[in-house]
Each structure stands twice: as structure tokens, then as C-alpha cells.
Participant: 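One structure is given below, represented as C-alpha cells, and several questions about it will come after.
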Amino acid sequence: MRIAIIGTGYVGLVTGACFAQAGHRVTCVDVDQPKINLLNKGKMPIYEPGLSELITKGRQQKALDFSSDARAVAASTEAVFLAVGTPSSGQDGSADLTNLYEAIREIAPALQDGCLVVIKSTVPVGTGEEVQRLIESLRPELDFDVASNPEFLRAGCAIQDFKMPDRVVIGADSERALDALSGLYCAMGIEPTRVVATQRRAAELIKYAANGFLATKIAFINEIADLCEKVDARVGDVALGIGLDCRIGRQFLNAGPGFGGSCFPKDARALAKAGAEHGTPMRIIEAVLASNETRKRSIAAKIRAASGGDLQGKTIALLGLTFKAGTDDMREAPSIDLVQALVEHGAIVHAYDPVGIERAKPLLPECVRYHRTALDAASGAAAAVIVTEWDEFRHLDLARLKRRMAAPLLIDLKNMLSAEQVTGRGFKYCAIGNGTSPTRDHAFKVWSKPRATAYRTGDGTGRRPSISLNSKVVAAE
Ligand code: UDX
């Protein structure tokens, strides 16, 4: 199939590269000519693991190219995917659809009979109908379909998520559109049972509801983490204890400094706005947004308390700046609020990130000093703070780190490290949701065994009795 992808962000580029690899002839389009020039030279405008190789392969096989001429490309394609940005507009949180409608007006005159217009961008409920009406007004004679096909890929594992999705959601009001789109995905090896076919409006809302729910899970475990610190419990144990319940699920229960990124904040705001507009306030989502904003600002207070109550003139080393590991994306990253607050408390901020520094610089105060390694950033620091869960921070040389720092304080906002290991190297270790008493690693071993009897009495060795959680036996050392 000849496919056009309008928009070359994370979604557009991953979608285009994967469709090209699946044997389609794909052109990715963007109004940003310098970006298109970069891509046509084989260079990458974003960091996404595996994407550069996939794009190179697509270009070599002449299955993938890039253009800024949307109209010319639309004239020779059977399906046009809209993957343009729909950022929050202004204070009210509604989605700004300027890019989408500009793209539709650009391609409408060139669309061929029988073409399929697919909206992959995250858009408010009802946008598919608006797009249909706009194209009909511009091309009354055209035979076409408009479908909704929201994307659920995550930065950092986007290609895997696109190729092996939990589900593909297709919102189509015609069998022809549904057959064409589901055929496209099933031909890539996606099980038909994973294709959810529904109306356009439901598909549009599924995207917001999914991100709203995931953001809610994160805000929930973050608040549980705060309670854990007060009642001297470990949030990791609580997350495991609830997450093993298949109705809850273990994922997205990792406490941290708050959620960021280009989607959760934006989509939660848009969902709250939609609720307000339709007279059904999304009070839970509103609370999630408020909780997350407060959290991102309160993390600096945690660092100040751990550093003796005063940050004036102290060097604080931030390890990781991007909103999550595996990406260079800094949009609404917790580090942005954190740096602002640290600087306001008089701290001297030094920072390291494996890939995000260039995107971070314009977003952070000029006083921030950037370094090429974590150890360099921590040199002379009163505290080293893990902000993003880059894998290299799991393997920090703690002995060398301690020698470089002014004080052995390690604050782990992503609960990546073992309290026992870090304190065993002479550090004061401060994590999220780990209570106040000296933490001791509970080496939870979860292994599958026949359903054990519940709560066997202790065997007199003083070890905690093993307990049975569902069909698994969990024993804490
Ligand atoms: C998200 C959705 O997961 C994806 O389905 C959608 O298509 C786009 O938005 P993304 O924003 O790329 O993907 O990353 P994700 O892994 O969901 O993390 C979002 C934020 O939540 C990050 O700041 C991350 O650090 C945070 N997070 C995630 C937590 O704090 N705890 C968790 O357990 C998981």
C-alpha cells in the first residue's frame, strides 16, 4: 500500500518506519523543511532506540522517504495517517488542533477516490466527524473514509510497542475503512483478536481514558509512597502486594518524582477539559493533575531535608534530566520543576543526562552546569540525586562516587538502587516511599509453586512465615 504519514514526531516516524519495514511504500511528511532535510540525509531529529537503524533500512530499500510537500504526496497515496502534534492550548488544557486542520486543508485537494484518512494524533472526541465534514466541504465529490487509530506507543520502547501492541484500536464508521485498517495491522502479524473495532468517538475517547487511567495509577502510588514514609512502610512492598492482584496489575505502580512527558499531562488536561465542557467534571483526573503538579514541586523539599535543611550554596548533582529513560524528550519532565525549586533554595545545580542535555539546556536556568558523566556531575556535590531511571545509574561505581562527592548522600527518586548496597558503601541513602527507619532490603522472591496453604505458622526459626499470594508463594528473607 502507498502510505503517507503527516507529522514526523515520535509517533509519525515510528509508524512510517514500521509500515515501510512491513513492505509498504511510505512517505513521511513534515512542514519543518530542515527536519526533512536532516531525515533525507539519514540523520535523526529525535532519540528513540532502534529507530535510526529502521529508518536507514527503509531508505536503503527505497520503501521510505521524506518530503515537505503534503499535497503532492497525498495525490499518490491510498492511506494518509495524520500524526501531527496536538499540544495543550493555553491555560484551559484543551487540545490545539491547528496542525491537524492545516494538514487536512493541504491534502484535501489532492486526495484520490477511495482514499483512507486515518487520525493517529490524540484528538478530542468528535474530531473525526469534523475532519470528515471539512473534507466533504472541500471535495464534495470525493469518495473517502476517515478513521480514528490512536497510538499507544511509549517513548523509549516505541518500536516494540508499535509492532507488538496490547491492542490496536480502530474507530471507523464504514466496513471498508475497518477492513483496510485491520488488514494493514494483521498483515504485520498482529493477532486479529487484538484489533478493537469501534466507532470513531469511542476510539478517540479510549486514548484519553487510557492515558488518564495510567496517570491515575502513578499519582495513586506516589501518594501511597508519601504515606509509606510517614508510617515507615516500603512502597515497593506495597506496590508488589497490590500489583500481584490481576485486577490491579504490577505495571505503572513505580513511585517517583511525578509523571511527565508529552502525553500524560497534556491528555489528562484535555480529558479534564472535555469533562468540564460536557458538564461531567472529571474530578479524579483533576485531582491527579493537581497531585502531580504539587509532587513535582515538593521533591526539592525532600532533597533539602535530606541535605540538612538548607541548600544555600550547596552543589546538588542531578543524574538524569529527561522525563523518563530511553528518550531525549524533556517535555514536562519532573527535572524542570525540580531544578527551578533547587535554584530558588540557593542550590548550585550540576547535571548529567546520557542523551537529553541539548534538549534540556533551553528549558533550564542558565546557571545549571552540565557534565559528560555522572561522576563528573557529582564532583564536590553535597548530594547526588537520581531523577531518571537510566540503566547506567544501576551500575554507579559507588566507591568512586563517594570519593568525588563533598558528602556521601545519594537520593534515589526512582528507587533504582538497593538500600543495603548503598548504605553498605558508606552513603546516606534516601529513596521514595521508604519510611524513616534504616531500610533493610526485603529480597522478595516470587516464584511459581503449587498453591501453598495460606499462612503456615512460623517454623520456630524466627523467619517470617511464607505467605501465599494468589498462586504464588512469596517469602521475605
Ligand atoms: C505514555 C503512555 O504510556 C503511552 O501509551 C502513550 O502512547 C504515550 O504516553 P510515555 O509518555 O512515552 O507513554 O511514557 P510512560 O512510560 O507511559 O511514562 C510516562 C511518565 O510516567 C514518565 O514520566 C514516567 O517516568 C512516569 N511513570 C511511568 C512513573 O512515574 N511510574 C510508573 O510506574 C510508570
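Just so you know, ligand 1 is whichever comes first in the structure, and atom 1 is the first atom listed for that ligand. All values derive from a computational prediction rather than experimental measurement. Quick note: residue numbers are just sequence positions, from 1.
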Participant: Does the ring center of Phe162 lie less than 6.0 Å from the ring center of Phe19?
Facilitator: yes

Participant: Please evaluate residues Asn415 and Glu389 with respect to the criterion side chain to side chain contact (heavy atoms under 4.5 Å, CB included), reporting the C-alpha separation (whole Å), side-chain torsions for both, the decisive distance (0.1 Å), and the verdict.
Facilitator: CA-CA 9 Å; Asn415 289 353; Glu389 69 283 13; over 6 Å; no

Participant: Between Arg372 and Tyr352, is NZ or CZ placed under 6.0 angstrom from the six-membered ring centre and within 45° of the ring axis?
Facilitator: no

Participant: Any side-chain heavy atom of Leu409 sitting closer than 4.5 Å to one from Ser307?
Facilitator: yes

Participant: Can you check side chain to side chain contact (heavy atoms under 4.5 Å, CB included) on Gln21 and Lys163, steps first, answer last?
Facilitator: CA-CA 11 Å; Gln21 189 189 39; Lys163 287 182 171 179; 2.5 Å; yes

Participant: State, without any angle test, whether Arg297 and Gln340 hold a side-chain donor-acceptor pair at a distance under 3.5 Å.
Facilitator: no

Participant: For ligand 1, would you mind listing the residues that have at least one heavy atom less than 4.0 Å away, ordered by chain and number?
Facilitator: Glu151, Phe152, Leu153, Arg154, Ala155, Lys207, Asn211, Ile218, Phe252, Leu253, Asn254, Phe259, Gly260, Cys263, Phe264, Phe323, Lys324, Lys414

